[in-house]
Amino acid sequence: GGGKPADNGSQAGSDKPIDIIVSHNHPENSPEHEGMVAFKNLVEEKTGGKVNVKIYTNLQLGSMREQVEATQTGTIQITQQPTAVLSTFVTAYELVDFPFLWPDAETAYKVLDGEIGKLISAEAEKEGFVNLGWMAAGFKQFTANKPIRSPEDLKGMQIRVMPAPLLNAQMEAWGAKPTPIEFGELYNSLQQGVVDGQENPIKTIYLNRLFEVQKYLIKSNHGFLGYGIVANKAWFDALPADIQTAIRESMQEACQVEREVLSKTEEDMLKEIEAYGTEIIELTPEAIEEFRELVLPVHDQFADRVGRSLLDATYAQIKEATK
Amino acid sequence: MVPLLFGSLAVMLLGATPIFLALGLSTLLALIFASPLPPAIMVQRLFGGIDKFALMSMPFFILAANIMGAGGIADRILKWVQLFTGRMRGGAALTTELACMFFGALSGSSPATVAAIGGIMYPELKRDKYGEGFSIGLIAASGSVALIIPPSLTLIVYGAATGTSVGALFIGGIGAGIIYGLAFLIYCYLYAVKHDLPRGEKSSFREIIQVTKEAIWALGIPIIILGGIYAGVFTPTEAAGVSVVYAIFVSMFIYKELTWKQLLAICLSSAQTIAEVMVLVACASAFGWLITMGEIPQKLASSILSFGSSPAMFLFIVNVILLIAGMFIDGTAAITILVPLIYPLAVKLGINPVHLGVITIANLAIGMFTPPFGLNLFVGSQACEVSVVKVIQGVMPFIAISLIALILITYIPSISLFLPRMVYGGV
Amino acid sequence: MKRCLCLLHKLEDIFCSFGLLVVTAVLFVNVVLRYFFRSGLHWSDEFIRYFMIWISFIGISLGVREDKLMAVDLILNYSSPGQQRVIKFINNILGAVFGVLLCYYGIQSVGTMSGSAQVSPALEMPMYIFYIAIPLSGALMTLEFICGAIRSLTAEHAEEQLTKEGGEA
Ligand code: NA
Ligand code: NA
């Protein structure tokens, strides 16, 4: 039969192991999966077999949105989802997607692991989630069939983005035409030229073979694609304190694992993409500054959605961290 | 959970319960009585099952086909096609087959192909004295095997799941697609010979000009759909919507064979068809989700896979697993669930990833028209107004032919690898 | 009662037929905007999907109403007319049960979701609004299946009367 995945919050006293359903969106050869496997191994070891983690990969349990929803209602206990998806449930997550907010991954991790992450988590708790940690898919880059060396080149190009207001505003700020195309139709749409380009982290470009149909990969690092790891709050709160601690600690360690795997594989992936024949364009610092300045008004425009005080606190923390 | 789920499903299916209801109710009963999951999850799974943009081309093509049928477009296309196929033995069948292959390949959706081509060619086949079963079987089968011909969404999913070059997979699919196409063409020809189907009159040059002239606007439909997708003007889903608008325009303002009132009536009957197919997909997806959650396909697959010690035996088992999976779950889901189990073993046995990909897609394509849950069977039944049982009988010979083609593709790797090796060198 | 049912059917018909035209128009306008004006409606995909889902869940009761649903009728075709009526009655009852359950769990889900701040990504509308299609579909389906059950009983009477009359004449 189907096992007994769900009703486990209240069985603190029994000997039966607590089953935890964990879900994510990626294949088994991805850093994201390795991170969640690390969590499974760590937490099972730490609790001495009192919990039993089952990982469902590859959108098996539903689309990203549906997985978050199932976590909110308790069918899934823990899910790893992009902040851009979580933000449709808890607006504060949108902060992570602000273009050119994070100077580098180290700073982003440091700030999110600290006070700012706690503030977002507090917002998440109001919606029935506990944020257990932060992982990432890396910084978003452009790919296109025309070279992009400055915002001027991007002007008028049709760039596929996920359908989110922030991402639209960001593209419009650079003069590009944001175009929604379903991810499933993206490869063909790029090949056939329905759109001129798209934005995604190197890892996504590599694993989904998008570089095969794009002449250029532009290392713009213009946005950070982070994951919040969220658990169902009611379920989590009902767990025995020692299990809660084990879960939290294991996830913290698992996040480190995922980040390391990501940064290591990113370099290799980029090499393979280049070897395939896709030209890698490095932007000059001046060009990056131009991109950044054009998009800063978008921060202001979306500040009220995530909370202006949260944004200001984040600026301050970033400054602190990069000192 | 398994006995209740499959037991109640089987009883209801045999008891002529509407198929969507049999799937939905057995899933819901299993959730309530045999699963710790909250039954309310059914609501999310029904919604999520059809909350997919890739599914949306099918409803639009159903609508477009109905409008073309009522507005005089289908008639004119048929007359034009007859100019060239009338003289040939089995001409209508061969035309249907080629149209399905071409359309299926480009649109990438096999139920959409059944809706679009089926709506036009089925009446033609029937008029030419082809059997009901043969005609519907041909339509349901030809479109799906075209999924292996690029561009193919399912091959992209396979590429992402295994890290195989999508470009190489696309080119690899061409060879396999040609084998299927040939197998079907040969069968169509033999069928026509065996049943001694009559040849038509030879058309005069004057007739050709006349018919072409009348059909010129109607022929815009295939040109717009296929040209638009190929030239990158729009995605296959959008092509479907554009063809609806074009069909309305031509029927109402050029041919003047369609009134607003009739259009609304067609919309209504199309909505009924669309609703039933979509809700059926929703229920099937909830069913598939529940067995995935119970890890039934994974457990079955890993226990059977352990028997495959030689590459030949292994590939045979892979075919069996994928064919069965294709009967119950949707292609993309089958890849994400099963390929991670199959792929590492295949690599160990030295099977080429591109070859395995083509085999995988070929199986899942066949699954689109195998009972009990091949979506094409239901779309075909609806679009051509033929009972499901008739459709199932009709596809049987085509399943047999597909299996022969599948064996060739499985055991002659060069069919899949010849072209990629030429283009990419060492694949 | 009958008039209410007629009105309801009319509303369903209008929703489904006009609905299809509306989604087609949105899809088309988006293509035109993108190809000719290099812009687009960022909410079009989402709108089309959710509207189509609504048409599907509302439209399913059209098929129930006209008793035109796909089924494997192999055994049914080999049954006597009396057996056929029993089978049809049972299937209608099963349908009504499914409809009631769908309505019940649908309301439950929508209730839970309305407490959530979740919005759809592009339209930014509360997500539970789209889910209402399911309990609504359950309710409409129940109604139609009950009508169907009644029809399968009364049809029996009608047929019996017909044969009786035929016998006397
Ligand atoms: Na294709
Ligand atoms: Na099937």
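Lettering follows sequence order; numbering is per chain, from 1.
- In the displayed structure, A:Lys203 atom NZ is contacted under 6.0 Å by more than 12 heavy atoms of other residues, nucleotides or ligands.
- For A:Val68, no part lies near chain C; criterion is any non-hydrogen pair under 4.5 Å.
- What you find for C:Ala117 and A:Phe89 is that their closest heavy atoms are CB-O, 3.6 Å.
- To the nearest 0.5 Å, the span separating OG on C:Ser116 from NZ on A:Lys126 amounts to 14.0 Å.
- Applying a 4.5 Å heavy-atom cutoff, the residues of residues 131-150 of chain C that approach chain A are C:Tyr131.
- Using a 4.5 Å cut-off between heavy atoms, C:Glu46 does not touch chain A at all.
- For the options A:Lys177, A:Arg65, A:Gln72, heavy-atom pairs under 4.5 Å to chain C are most numerous at A:Arg65.
- Proximity to chain A at a heavy-atom threshold of 4.5 Å picks out nothing from residues 5-24 of chain C.
- The interface of residues 130-159 of chain A with chain C, defined by heavy-atom distances below 4.5 Å, comprises A:Gly156, A:Met157, A:Gln158.
- Residues forming a side chain to side chain donor-acceptor pair (under 3.5 Å) with C:Gln84 (at least two apart in sequence, or on another chain): none.
- For a residue to count as touching a neighbouring chain, one of its non-hydrogen atoms must lie under 4.5 Å from one of that chain's; by this rule C:Leu41 touches chain A with the backbone only.
- Note on C:Gln118, C:Met127, C:His42: by heavy-atom pairs under 4.5 Å with chain A, the leading option is C:Gln118.
- Side-chain contact between C:Trp43 and A:Pro163 is absent, with no heavy-atom pair separated by less than 4.5 Å.
- Closest approach of C:Pro121 and A:Pro165 over heavy atoms only: O-CD, 3.5 Å.
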